[in-house]
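In what follows, chains carry the letters A, B, and so on, assigned in the order in which the sequence lines appear, proteins first and then strands, with residues in each chain numbered from 1.
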2 protein chains.
Amino acid sequence: MPEAPRPPATNVRGTKMSQENDEYFVPAVFREVVGFHLRIAQEASFEAFGVMAGKANLKPGWYALLTILNEAGSMTPSELSRHCGRDRSTLTSTLKALAARGLIQRERKSEDQRSYEVRLTAIGCDIQRRLHAIAIDHERHLDEILGQDKAMLLAILRRIASRV
Amino acid sequence: MPEAPRPPATNVRGTKMSQENDEYFVPAVFREVVGFHLRIAQEASFEAFGVMAGKANLKPGWYALLTILNEAGSMTPSELSRHCGRDRSTLTSTLKALAARGLIQRERKSEDQRSYEVRLTAIGCDIQRRLHAIAIDHERHLDEILGQDKAMLLAILRRIASRV
DNA sequence: TATTGTTATACTCTATAACTATA
DNA sequence: TATAGTTATAGAGTATAACAATA
(Lines give C-alpha, C1' and ligand atoms only; values in the text may rest on other atoms or scores of the structure.)
Protein backbone atom coordinates (compact mmCIF):
# COMPACT_ATOMS: atom_id res chain seq x y z
CA MET A 1 0.00 0.00 0.00
CA PRO A 2 2.91 2.42 0.58
CA GLU A 3 3.76 4.42 -2.52
CA ALA A 4 6.98 4.07 -4.46
CA PRO A 5 10.15 5.51 -2.94
CA ARG A 6 10.65 9.19 -3.69
CA PRO A 7 13.74 11.31 -4.08
CA PRO A 8 14.88 12.05 -0.53
CA ALA A 9 13.34 15.33 0.56
CA THR A 10 15.67 17.84 2.07
CA ASN A 11 12.89 19.71 3.75
CA VAL A 12 11.42 20.33 7.15
CA ARG A 13 7.93 21.19 8.28
CA GLY A 14 7.49 24.89 7.82
CA THR A 15 9.68 25.03 4.75
CA LYS A 16 8.25 25.54 1.30
CA MET A 17 8.67 22.49 -0.88
CA SER A 18 8.79 22.84 -4.62
CA GLN A 19 6.99 19.55 -5.36
CA GLU A 20 4.16 20.05 -2.89
CA ASN A 21 1.13 22.23 -2.55
CA ASP A 22 1.34 22.13 1.23
CA GLU A 23 3.52 24.70 2.88
CA TYR A 24 4.86 22.20 5.37
CA PHE A 25 6.56 18.90 4.67
CA VAL A 26 4.37 15.81 4.54
CA PRO A 27 5.83 12.35 3.91
CA ALA A 28 4.13 11.04 0.80
CA VAL A 29 2.60 8.03 2.57
CA PHE A 30 0.79 10.23 5.04
CA ARG A 31 -0.63 12.73 2.60
CA GLU A 32 -4.19 11.40 2.79
CA VAL A 33 -4.04 10.09 6.34
CA VAL A 34 -6.49 11.77 8.68
CA GLY A 35 -4.63 10.96 11.89
CA PHE A 36 -1.46 12.55 10.58
CA HIS A 37 -3.11 15.83 9.65
CA LEU A 38 -5.07 15.87 12.89
CA ARG A 39 -1.84 15.66 14.82
CA ILE A 40 -0.05 18.32 12.81
CA ALA A 41 -2.97 20.73 13.01
CA GLN A 42 -3.42 20.13 16.73
CA GLU A 43 0.26 20.63 17.46
CA ALA A 44 0.37 23.81 15.38
CA SER A 45 -2.68 25.22 17.10
CA PHE A 46 -1.51 24.32 20.59
CA GLU A 47 1.97 25.68 19.96
CA ALA A 48 0.62 28.97 18.67
CA PHE A 49 -1.44 29.34 21.84
CA GLY A 50 1.55 28.36 23.96
CA VAL A 51 3.75 30.96 22.30
CA MET A 52 1.21 33.71 22.93
CA ALA A 53 0.76 32.64 26.55
CA GLY A 54 4.51 32.37 27.00
CA LYS A 55 4.98 35.94 25.85
CA ALA A 56 2.69 36.97 28.69
CA ASN A 57 4.61 34.71 31.11
CA LEU A 58 1.56 32.49 31.55
CA LYS A 59 1.46 28.68 31.54
CA PRO A 60 -0.79 27.42 28.75
CA GLY A 61 -1.49 24.29 30.80
CA TRP A 62 -3.27 26.37 33.42
CA TYR A 63 -5.86 27.66 31.02
CA ALA A 64 -8.23 24.69 30.97
CA LEU A 65 -8.17 24.24 34.74
CA LEU A 66 -8.68 27.90 35.57
CA THR A 67 -11.41 28.25 32.98
CA ILE A 68 -13.34 25.22 34.16
CA LEU A 69 -13.11 26.56 37.72
CA ASN A 70 -14.20 29.98 36.58
CA GLU A 71 -17.19 28.44 34.91
CA ALA A 72 -18.17 26.13 37.73
CA GLY A 73 -17.51 28.47 40.65
CA SER A 74 -15.98 25.70 42.70
CA MET A 75 -15.16 22.05 42.43
CA THR A 76 -13.30 19.26 44.19
CA PRO A 77 -10.04 17.99 42.64
CA SER A 78 -11.74 14.72 41.68
CA GLU A 79 -14.53 16.55 39.92
CA LEU A 80 -11.97 18.71 38.16
CA SER A 81 -10.06 15.67 36.98
CA ARG A 82 -13.23 14.18 35.53
CA HIS A 83 -13.95 17.43 33.72
CA CYS A 84 -10.46 17.32 32.24
CA GLY A 85 -10.67 13.64 31.40
CA ARG A 86 -7.41 12.97 33.29
CA ASP A 87 -6.54 10.96 36.37
CA ARG A 88 -6.89 12.67 39.78
CA SER A 89 -3.23 12.18 40.52
CA THR A 90 -2.18 14.32 37.57
CA LEU A 91 -3.81 17.40 39.09
CA THR A 92 -2.15 17.40 42.50
CA SER A 93 1.07 19.15 41.59
CA THR A 94 -0.63 21.71 39.38
CA LEU A 95 -3.17 22.55 42.08
CA LYS A 96 -0.33 22.88 44.56
CA ALA A 97 1.47 25.30 42.23
CA LEU A 98 -1.72 27.26 41.64
CA ALA A 99 -2.33 27.52 45.37
CA ALA A 100 1.27 28.50 46.08
CA ARG A 101 0.95 31.36 43.61
CA GLY A 102 -2.35 32.41 45.06
CA LEU A 103 -4.43 31.62 41.99
CA ILE A 104 -6.78 29.25 43.79
CA GLN A 105 -7.99 28.73 47.33
CA ARG A 106 -9.00 25.47 48.98
CA GLU A 107 -11.78 25.06 51.47
CA ARG A 108 -12.43 21.89 53.45
CA LYS A 109 -15.91 20.49 52.97
CA SER A 110 -17.89 20.21 56.16
CA GLU A 111 -19.88 17.22 54.90
CA ASP A 112 -16.81 15.26 53.86
CA GLN A 113 -13.56 15.93 55.64
CA ARG A 114 -11.56 14.01 53.06
CA SER A 115 -12.33 16.48 50.33
CA TYR A 116 -12.23 20.20 49.67
CA GLU A 117 -13.60 22.76 47.26
CA VAL A 118 -11.23 24.58 44.95
CA ARG A 119 -12.12 28.06 43.74
CA LEU A 120 -10.38 30.92 41.97
CA THR A 121 -9.01 33.83 43.99
CA ALA A 122 -9.10 37.37 42.62
CA ILE A 123 -5.60 36.78 41.24
CA GLY A 124 -6.74 33.48 39.74
CA CYS A 125 -9.67 35.23 38.07
CA ASP A 126 -7.32 37.80 36.65
CA ILE A 127 -4.90 35.22 35.28
CA GLN A 128 -7.79 33.24 33.87
CA ARG A 129 -9.08 36.36 32.17
CA ARG A 130 -5.70 37.06 30.62
CA LEU A 131 -5.31 33.50 29.38
CA HIS A 132 -8.84 33.58 28.10
CA ALA A 133 -8.13 36.78 26.20
CA ILE A 134 -5.23 34.99 24.53
CA ALA A 135 -7.46 32.03 23.75
CA ILE A 136 -10.06 34.35 22.23
CA ASP A 137 -7.34 35.94 20.17
CA HIS A 138 -6.14 32.56 19.03
CA GLU A 139 -9.68 31.51 18.21
CA ARG A 140 -10.20 34.68 16.21
CA HIS A 141 -7.11 33.83 14.22
CA LEU A 142 -8.49 30.36 13.58
CA ASP A 143 -11.80 31.91 12.58
CA GLU A 144 -9.99 33.90 9.94
CA ILE A 145 -8.32 30.76 8.65
CA LEU A 146 -11.53 28.74 8.73
CA GLY A 147 -14.07 31.27 7.53
CA GLN A 148 -17.37 29.56 6.77
CA ASP A 149 -15.91 26.12 7.48
CA LYS A 150 -15.66 26.38 11.26
CA ALA A 151 -19.05 24.91 12.12
CA MET A 152 -18.45 22.06 9.73
CA LEU A 153 -14.98 21.39 11.16
CA LEU A 154 -16.34 21.30 14.71
CA ALA A 155 -19.11 18.92 13.69
CA ILE A 156 -16.64 16.60 11.99
CA LEU A 157 -14.21 16.65 14.92
CA ARG A 158 -17.02 15.88 17.36
CA ARG A 159 -18.02 12.97 15.20
CA ILE A 160 -14.47 11.60 15.24
CA ALA A 161 -14.10 12.03 18.99
CA SER A 162 -17.37 10.33 19.80
CA ARG A 163 -17.26 7.47 17.30
CA VAL A 164 -13.65 6.55 16.71
CA MET B 1 -16.75 35.67 27.72
CA PRO B 2 -17.12 32.45 29.76
CA GLU B 3 -20.70 31.36 30.15
CA ALA B 4 -22.60 31.29 33.42
CA PRO B 5 -21.74 28.60 35.95
CA ARG B 6 -23.49 25.30 35.38
CA PRO B 7 -24.58 22.52 37.66
CA PRO B 8 -21.46 20.47 38.38
CA ALA B 9 -21.29 17.68 35.84
CA THR B 10 -20.73 14.22 37.20
CA ASN B 11 -19.52 12.93 33.91
CA VAL B 12 -16.39 11.85 32.17
CA ARG B 13 -15.44 11.86 28.55
CA GLY B 14 -16.99 8.80 26.98
CA THR B 15 -20.04 8.90 29.18
CA LYS B 16 -23.42 9.93 27.87
CA MET B 17 -24.59 13.20 29.35
CA SER B 18 -28.25 14.02 29.58
CA GLN B 19 -27.88 17.77 28.94
CA GLU B 20 -25.51 17.44 25.98
CA ASN B 21 -25.75 16.40 22.39
CA ASP B 22 -22.15 15.24 22.39
CA GLU B 23 -21.49 11.75 23.52
CA TYR B 24 -18.42 12.84 25.48
CA PHE B 25 -18.18 15.48 28.13
CA VAL B 26 -17.25 18.98 26.99
CA PRO B 27 -16.90 21.84 29.47
CA ALA B 28 -19.38 24.50 28.38
CA VAL B 29 -16.70 27.14 27.75
CA PHE B 30 -14.92 24.94 25.27
CA ARG B 31 -17.89 23.87 23.22
CA GLU B 32 -17.12 26.07 20.23
CA VAL B 33 -13.35 26.16 20.64
CA VAL B 34 -11.49 24.68 17.71
CA GLY B 35 -8.30 23.86 19.61
CA PHE B 36 -10.21 21.86 22.19
CA HIS B 37 -11.98 19.69 19.64
CA LEU B 38 -8.81 19.27 17.65
CA ARG B 39 -7.09 17.90 20.72
CA ILE B 40 -9.91 15.55 21.67
CA ALA B 41 -10.29 14.21 18.15
CA GLN B 42 -6.55 13.77 17.77
CA GLU B 43 -6.23 11.96 21.09
CA ALA B 44 -9.16 9.71 20.30
CA SER B 45 -7.78 8.83 16.90
CA PHE B 46 -4.26 8.22 18.17
CA GLU B 47 -5.45 6.15 21.08
CA ALA B 48 -7.60 3.97 18.85
CA PHE B 49 -4.58 3.28 16.66
CA GLY B 50 -2.45 2.63 19.72
CA VAL B 51 -4.93 0.11 21.09
CA MET B 52 -5.01 -1.79 17.81
CA ALA B 53 -1.22 -1.77 17.57
CA GLY B 54 -0.93 -2.80 21.22
CA LYS B 55 -3.12 -5.83 20.61
CA ALA B 56 -0.58 -6.93 18.02
CA ASN B 57 2.27 -6.19 20.44
CA LEU B 58 3.55 -3.40 18.21
CA LYS B 59 4.70 0.07 19.27
CA PRO B 60 2.55 2.73 17.60
CA GLY B 61 5.48 5.14 17.80
CA TRP B 62 7.46 3.00 15.38
CA TYR B 63 4.93 3.34 12.60
CA ALA B 64 5.93 6.74 11.24
CA LEU B 65 9.65 5.97 11.29
CA LEU B 66 9.35 2.55 9.68
CA THR B 67 6.93 3.83 7.08
CA ILE B 68 9.08 6.78 6.09
CA LEU B 69 12.04 4.42 5.78
CA ASN B 70 10.00 1.98 3.76
CA GLU B 71 9.02 4.76 1.43
CA ALA B 72 12.46 6.28 1.07
CA GLY B 73 14.49 3.08 0.92
CA SER B 74 17.21 4.49 3.12
CA MET B 75 17.99 7.66 4.99
CA THR B 76 20.42 9.10 7.53
CA PRO B 77 19.16 9.77 11.06
CA SER B 78 19.32 13.53 10.44
CA GLU B 79 17.23 13.21 7.30
CA LEU B 80 14.77 11.03 9.17
CA SER B 81 14.47 13.57 11.95
CA ARG B 82 13.71 16.30 9.44
CA HIS B 83 11.04 14.13 7.86
CA CYS B 84 9.48 13.65 11.29
CA GLY B 85 9.79 17.31 12.21
CA ARG B 86 11.63 16.37 15.43
CA ASP B 87 15.13 17.03 16.70
CA ARG B 88 17.88 14.55 15.72
CA SER B 89 18.54 13.70 19.33
CA THR B 90 15.04 12.33 19.84
CA LEU B 91 15.64 9.56 17.31
CA THR B 92 18.79 8.04 18.76
CA SER B 93 17.21 5.78 21.36
CA THR B 94 14.43 4.63 19.05
CA LEU B 95 16.87 3.79 16.28
CA LYS B 96 18.98 1.91 18.81
CA ALA B 97 15.94 -0.09 19.88
CA LEU B 98 14.93 -0.76 16.29
CA ALA B 99 18.45 -1.95 15.48
CA ALA B 100 18.62 -4.11 18.59
CA ARG B 101 15.44 -5.85 17.53
CA GLY B 102 16.68 -6.29 14.01
CA LEU B 103 14.12 -4.03 12.37
CA ILE B 104 16.68 -1.75 10.78
CA GLN B 105 20.28 -2.02 9.66
CA ARG B 106 22.87 0.75 9.58
CA GLU B 107 25.52 1.19 6.95
CA ARG B 108 28.41 3.66 7.15
CA LYS B 109 28.51 6.09 4.27
CA SER B 110 31.74 5.96 2.29
CA GLU B 111 31.50 9.64 1.33
CA ASP B 112 30.94 10.84 4.89
CA GLN B 113 32.31 8.77 7.70
CA ARG B 114 30.32 10.68 10.29
CA SER B 115 27.02 9.47 8.98
CA TYR B 116 25.28 6.26 8.01
CA GLU B 117 22.30 5.07 6.06
CA VAL B 118 19.42 3.43 7.88
CA ARG B 119 17.26 0.93 6.03
CA LEU B 120 14.63 -1.64 6.94
CA THR B 121 15.60 -5.28 7.30
CA ALA B 122 13.24 -8.05 6.20
CA ILE B 123 11.91 -8.13 9.76
CA GLY B 124 11.52 -4.35 9.71
CA CYS B 125 9.58 -4.55 6.46
CA ASP B 126 7.32 -7.15 8.00
CA ILE B 127 6.64 -5.11 11.12
CA GLN B 128 6.06 -2.02 9.00
CA ARG B 129 3.59 -3.97 6.90
CA ARG B 130 1.73 -5.11 9.98
CA LEU B 131 1.57 -1.62 11.46
CA HIS B 132 0.53 -0.25 8.10
CA ALA B 133 -2.28 -2.79 7.89
CA ILE B 134 -3.51 -1.52 11.24
CA ALA B 135 -3.23 2.07 10.03
CA ILE B 136 -5.22 1.21 6.91
CA ASP B 137 -7.82 -0.42 9.10
CA HIS B 138 -7.96 2.63 11.31
CA GLU B 139 -8.19 4.91 8.29
CA ARG B 140 -11.04 2.81 6.90
CA HIS B 141 -12.85 3.26 10.19
CA LEU B 142 -12.33 7.01 9.95
CA ASP B 143 -13.54 6.91 6.35
CA GLU B 144 -16.77 5.37 7.57
CA ILE B 145 -17.15 8.11 10.16
CA LEU B 146 -16.27 10.87 7.72
CA GLY B 147 -18.02 9.73 4.56
CA GLN B 148 -18.03 12.51 1.99
CA ASP B 149 -16.39 14.95 4.40
CA LYS B 150 -12.91 13.48 4.42
CA ALA B 151 -11.43 15.57 1.62
CA MET B 152 -12.88 18.68 3.15
CA LEU B 153 -11.51 17.82 6.61
CA LEU B 154 -8.04 17.22 5.22
CA ALA B 155 -8.13 20.50 3.35
CA ILE B 156 -9.17 22.38 6.47
CA LEU B 157 -6.55 20.69 8.65
CA ARG B 158 -3.83 21.49 6.12
CA ARG B 159 -4.95 25.08 6.16
CA ILE B 160 -4.71 25.23 9.95
CA ALA B 161 -1.28 23.59 10.03
CA SER B 162 0.19 25.87 7.40
CA ARG B 163 -1.31 29.18 8.48
CA VAL B 164 -1.79 29.11 12.22
C1' DT C 1 34.31 26.27 11.63
C1' DA C 2 30.36 23.39 10.60
C1' DT C 3 27.95 19.08 10.74
C1' DT C 4 26.73 14.14 12.32
C1' DG C 5 25.38 11.23 15.68
C1' DT C 6 25.39 10.73 20.62
C1' DT C 7 24.94 11.72 25.44
C1' DA C 8 23.39 14.07 29.46
C1' DT C 9 19.87 16.40 31.19
C1' DA C 10 15.46 18.28 31.84
C1' DC C 11 10.65 19.40 31.19
C1' DT C 12 5.71 18.24 30.20
C1' DC C 13 2.10 15.32 30.41
C1' DT C 14 0.32 11.23 31.47
C1' DA C 15 -0.66 6.78 34.18
C1' DT C 16 -0.71 3.09 38.01
C1' DA C 17 -0.19 1.61 42.59
C1' DA C 18 0.09 2.31 47.23
C1' DC C 19 -0.49 5.26 51.25
C1' DT C 20 -3.54 8.35 54.76
C1' DA C 21 -7.45 9.97 56.42
C1' DT C 22 -11.68 9.84 56.36
C1' DA C 23 -16.51 7.77 55.19
C1' DT D 1 -14.73 -1.78 52.41
C1' DA D 2 -14.78 2.33 49.61
C1' DT D 3 -13.51 6.94 48.45
C1' DA D 4 -10.63 11.58 48.27
C1' DG D 5 -6.40 13.42 47.92
C1' DT D 6 -1.46 12.55 47.88
C1' DT D 7 2.89 10.45 46.94
C1' DA D 8 6.20 7.70 44.55
C1' DT D 9 7.38 6.07 40.48
C1' DA D 10 7.50 5.32 35.70
C1' DG D 11 7.09 5.97 30.82
C1' DA D 12 6.32 8.50 26.53
C1' DG D 13 7.70 12.29 23.97
C1' DT D 14 9.94 16.25 23.40
C1' DA D 15 13.89 19.83 23.70
C1' DT D 16 18.65 22.09 24.43
C1' DA D 17 23.54 21.96 25.13
C1' DA D 18 27.79 19.95 24.72
C1' DC D 19 31.01 16.35 23.07
C1' DA D 20 33.87 13.38 19.80
C1' DA D 21 34.64 12.30 15.18
C1' DT D 22 34.76 13.90 10.79
C1' DA D 23 34.19 17.33 7.04
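With hydrogens and angles ignored, the 3.5 Å screen pairs a side-chain donor or acceptor of A:Arg108 with a backbone N or O of A:Ser115. Side chain of A:Thr76 to main chain of A:Tyr116: no donor-acceptor pair is present (N/O by atom type, distance under 3.5 Å, no hydrogens or angles). With hydrogens and angles disregarded, a donor-acceptor distance shorter than 3.5 Å links the side chain of A:Glu71 to the backbone of B:Val29.
Atom CZ in B:Phe46 sits roughly 17 Å away from atom P in C:dC13 (whole-Å rounding). Separating the CZ atom of A:Arg108 from the P atom of D:dA4 is a distance of 13 Å, rounded to the nearest angstrom. Atoms NZ (A:Lys109) and P (D:dA4) sit 9 Å apart, rounded to a whole Å. Between the CD atom of A:Gln113 and the C1' atom of D:dG5 there is a distance of 13 Å, rounded to whole Å. One interatomic measurement links the two molecules: CZ of A:Phe49 to P of C:dT12, which rounds to 16 Å at whole-angstrom precision. D:dA21 atom C1' lies 10 Å from atom CG of B:Asp112, rounded to whole Å. Atom CG of A:Leu65 and atom C1' of C:dC13 are 13 Å apart (whole Å). Atoms CZ (A:Arg82) and P (C:dT14) sit 17 Å apart, rounded to a whole Å.
Taking hydrophobic clusters as Ile, Leu, Val, Met, Phe, Trp and Tyr residues chained together by side-chain heavy-atom distances below 4.5 Å, B:Val33 does not share a cluster with A:Phe46. Hydrophobic cluster membership differs between B:Leu58 and B:Val51, with clusters built from Ile, Leu, Val, Met, Phe, Trp and Tyr side chains linked at under 4.5 angstrom.
Checking D:dA23, D:dG13, C:dG5 against the side-chain heavy atoms of B:Ser78 singles out C:dG5 as nearest. Nearest nucleotide to the side chain of B:Arg86, out of D:dT14, C:dT14, D:dA2: D:dT14.
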Each base of DNA chain D marked ( ) or [ ] if paired in-strand (Watson-Crick or G-U under 3.5 Å), | if paired to another strand and . if unpaired gives |||||||||||||||||||||||
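For the pair A:Arg140 and A:Asp137, the salt-bridge criterion is met [side-chain N within less than 4.0 Å of a carboxylate O].
Comparing A:Pro60 and A:Arg114 by the nucleotide of DNA chain C that holds the closest heavy atom to each, the one mapping nearer the 5' end is A:Pro60.
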Please tabulate, one pair per line, each protein N/O and nucleotide N/O from nucleotides 6-10 of chain D that are separated by under 3.5 Å, including the distance.
from	atom 1	to	atom 2	distance (Å)
D:dT6	OP1	A:Arg106	NH2	3.2
D:dT6	OP1	A:Tyr116	OH	3.2
D:dT6	OP2	A:Tyr116	OH	3.4
D:dT7	OP2	A:Lys96	NZ	3.0

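Checked against the 6.0 Å centroid criterion, the rings of A:Phe30 and B:Tyr63 qualify as a close aromatic pair.
Cluster note: A:Met152 groups with A:Val34, A:Leu38, A:Leu142, A:Ile145, A:Leu146, A:Leu153, A:Leu154, A:Ile156, A:Leu157, A:Ile160, A:Val164, B:Val34, B:Leu38, B:Leu142, B:Ile145, B:Leu146, B:Met152, B:Leu153, B:Leu154, B:Ile156, B:Leu157, B:Ile160, B:Val164 through ILVMFWY side-chain heavy atoms spaced under 4.5 Å, whether in direct contact or through intervening members.
Residues B:Ile127 and B:Leu120 have side chains not in contact (no heavy-atom distance under 4.5 Å, counting atoms from C-beta outward).
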